[in-house]
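Per chain, numbering begins at 1; letters A, B, ... match sequence-line order. Just the heavy atoms: all of them, side chains too, but no hydrogens, waters or symmetry mates, feed the values below.
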Protein chains: 2
Amino acid sequence: MELTRKGEYAIRGIVYLAKQPVGKVVLVSDVADATGVSQTFLAKIFQSFAKLGLVNSFRGTGGGFLLGRPAAKITLRQVVEAVEGPIMPNRCLSGEGMCTREAECMVHPIWRKIQGEVSSILDSVTLEDLAKEKK
Amino acid sequence: MELTRKGEYAIRGIVYLAKQPVGKVVLVSDVADATGVSQTFLAKIFQSFAKLGLVNSFRGTGGGFLLGRPAAKITLRQVVEAVEGPIMPNRCLSGEGMCTREAECMVHPIWRKIQGEVSSILDSVTLEDLAKEKK
DNA sequence: GTAAAAAAGATAAAAAAGGTCTTTAAGGGA
DNA sequence: TCCCTTAAAGACCTTTTTTATCTTTTTTAC
Ligand code: SF4
Ligand code: SF4
């Protein structure tokens with residue numbers, strides 16, 4: 001029930017991107033320095049983001065990363081799921097037939113409810129919200 | 001963000017206990033058979049329960065386990081936390097000073113909210129609820 | 001005393017987490 | 001064209017956690 005470091009770093013990294021002026025391209029090394037994350041590890045994380053279109057990347061001189069769409073259009077859930085996989089408090093939520101006890105199980109619906117609540121909270125937060133300064 | 005097998009087995013095991021007639025002592029081997037869990041693994045889990053008073057145990061002939069208090073007084077949260085530790089979606093929730101960024105962090109409060117929601121859902125379910133037959 | 005059962009602790013295989021390193025591809029500028 | 005810069009891709013590695021099993025000890029009823 002705990003976010004991994006990968007997930008934590010992913011959030012730090014993309015929030016840093018969201019804090020940049022729109023259109024500014026930043027090096028992964030800069031993000032790594034600013035967030036206190038190993039550069040190579042963060043690079044891997046950003047690759048996952050790029051595959052999903054959460055960020056755009058440019059190679060070569062003057063290259064780097066920027067958000068793939070406006071910060072307001074990227075939710076915290078999308079960021080977390082990009083690196084951690086689907087929000088899933090218990091294995092039996094991944095599909096039918098995962099557990100033969102499901103038909104009589106009184107616990108299964110509880111996990112579904114938790115999944116729904118957590119997903120909904122994470123969906124309600126965007127990078128725009130997270131990029132603001134705390135007041 | 002996923003319940004371990006230990007947590008899953010813990011719930012299955014103690015729910016089985018909750019389904020027994022009040023006061024009935026059952027062998028860990030019976031619970032293991034009924035829930036499809038390895039007996040030795042389940043025994044370990046029940047030891048954790050016993051330490052916290054969630055179950056009572058008796059050794060020797062005629063020994064076994066039963067609930068430590070009425071099913072209505074044992075919440076799903078207590079069961080899960082007994083084997084998985086505190087509900088904690090991110091490390092920084094475990095105490096002050098875990099993360100130097102916390103003061104300016106906009107994400108931290110989100111994790112706290114999730115922690116609160118999940119805890120509250122798990123608190124609202126008792127073994128009495130889980131022991132009922134599904135209708 | 002003996003058999004039954006949980007308690008306790010040591011051990012270990014398998015999986016996941018948490019990275020690093022090397023090579024390749026792409027882009028910009030001299 | 002030839003460097004230099006930077007991300008992409010994938011192989012590789014170490015540590016920690018999960019998921020157990022096995023053995024020995026303690027307690028209890030008969
Ligand atoms: S017993 Fe219930 S909660 Fe557990 S895995 Fe099966 S369906 Fe899910
Ligand atoms: S940066 Fe924020 S969310 Fe991440 S560990 Fe620190 S306080 Fe928690």
Side-chain angles (χ1 to χ4, degrees), chain A residues 1-14 17 24-33 35-68 80 82-86 88-91 94, chain B residues 1-14 16-17 24-33 35-68 80 82-86 88-91:
Chain A
M1 299 299 267
E2 209 168 298
L3 193 74
T4 64
R5 287 173 198 281
K6 191 163 147 192
E8 165 66 24
Y9 297 161
I11 297 169
R12 283 194 207 174
I14 203 167
L17 280 195
K24 173 157 186 208
V25 175
V26 299
L27 298 179
V28 70
S29 56
D30 290 346
V31 183
D33 287 351
T35 55
V37 179
S38 138
Q39 178 180 334
T40 52
F41 197 22
L42 192 63
K44 284 287 171 198
I45 291 167
F46 273 32
Q47 279 177 36
S48 311
F49 287 159
K51 272 183 195 150
L52 296 167
L54 296 183
V55 304
N56 286 333
S57 63
F58 300 99
R59 308 214 263 202
T61 313
F65 292 89
L66 41 66
L67 289 188
V80 170
V83 295
E84 303 261 13
M88 193 171 318
N90 200 355
R91 291 167 161 79
S94 74
Chain B
M1 300 297 266
E2 210 168 296
L3 193 74
T4 64
R5 288 176 197 279
K6 191 164 148 193
E8 166 66 24
Y9 297 162
I11 296 169
R12 282 194 209 174
I14 204 166
Y16 181 83
L17 281 194
K24 174 159 186 208
V25 175
V26 299
L27 298 180
V28 70
S29 55
D30 290 345
V31 182
D33 287 349
T35 55
V37 178
S38 135
Q39 178 180 334
T40 53
F41 197 22
L42 191 63
K44 284 287 175 201
I45 291 167
F46 273 32
Q47 280 176 37
S48 311
F49 286 160
K51 272 182 194 149
L52 295 167
L54 296 183
V55 303
N56 286 333
S57 64
F58 299 98
R59 307 215 262 201
T61 313
F65 293 89
L66 41 67
L67 290 188
V80 171
V83 295
E84 302 261 12
M88 193 170 317
N90 200 355
R91 291 168 162 80

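- The interatomic distance linking A:E2 (CD) with C:dA17 (P) rounds to 12 Å, in whole Å.
- You'll find that the side chain of A:T40 is closest to C:dT20, out of D:dT27, C:dT20, D:dT18.
- Between the CD1 atom of B:I45 and the C1' atom of C:dA6 there is a distance of 15 Å, given to the nearest Å.
- Here the nucleotide nearest the side chain of A:Q47, chosen from D:dT19, D:dA9, C:dA25, is D:dA9.
- Minimum atom distance to the side chain of A:T61 is reached by D:dC4, of the listed C:dA6, C:dG19, D:dC4.
- Note: A:F65 CZ to A:L17 CG = 8.5 Å, rounded to the nearest 0.5 Å.
- Within 4.0 Å (heavy atoms only), A:F58 reaches sugar-phosphate atoms of the nucleic acid but no base atom.
- At least one side-chain nitrogen or oxygen of B:Y9 sits closer than 4.0 Å to the OP1 or OP2 atom of D:dA20.
- Rounded to whole angstrom, the span from the NZ atom of A:K6 across to the P atom of D:dT16 amounts to 19 Å.
- Between atom CD1 of residue A:I45 and atom CD of residue A:E8 there is a gap of 10.0 Å, rounded to the nearest 0.5 Å.
- Summarising the geometry, the separation between CG on A:D30 and P on D:dT5 is reported as 15 Å, rounded to the nearest angstrom.
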Q: Take A:K6 and A:K44 through the side-chain contact (heavy atoms from CB on, under 4.5 Å) test and state the conclusion after the steps.
A: CA-CA 10 Å; A:K6 191 163 147 192; A:K44 284 287 171 198; over 6 Å; no
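- Taking only side-chain atoms of B:V28, from C-beta outward, the nucleotide of C:dG18, C:dA6, D:dA7 with the closest atom is C:dA6.
- When distances are taken from the side chain of B:S57 to each of C:dA6, D:dA8, D:dT19, the shortest belongs to C:dA6.
- Across D:dT21, D:dT18, C:dG18, the shortest atom-to-atom separation from the side chain of B:S38 is found for D:dT21.
- Rounding to whole angstrom units, CD of residue B:Q39 and C1' of D:dT19 are separated by 16 Å.
- Taking only side-chain atoms of B:F41, from C-beta outward, the nucleotide of D:dA20, D:dT26, C:dG19 with the closest atom is D:dA20.
- A:L3 places its CG atom 17 Å from the P atom of C:dA16, with the value rounded to the nearest Å.
- Comparing C:dA6, D:dA20, C:dT20 against the side chain of B:R5 picks out D:dA20 as the nearest.
- Of the possible polar contacts, one joining the B:E84 side chain to the B:T4 backbone as a donor-acceptor pair under 3.5 Å is found.
- Once rounded to the nearest 0.5 Å, the distance linking CD1 of B:I11 with CG of A:N90 reads 7.0 Å.
- To the nearest angstrom, P of D:dT23 lies 14 Å from NZ of B:K44.
- Put simply, CG on A:L27 is 10 Å from C1' on D:dA7, counting in whole angstrom units.
- Distance from the side chain of A:F65 is smallest to D:dA8 among C:dA8, C:dG18, D:dA8.
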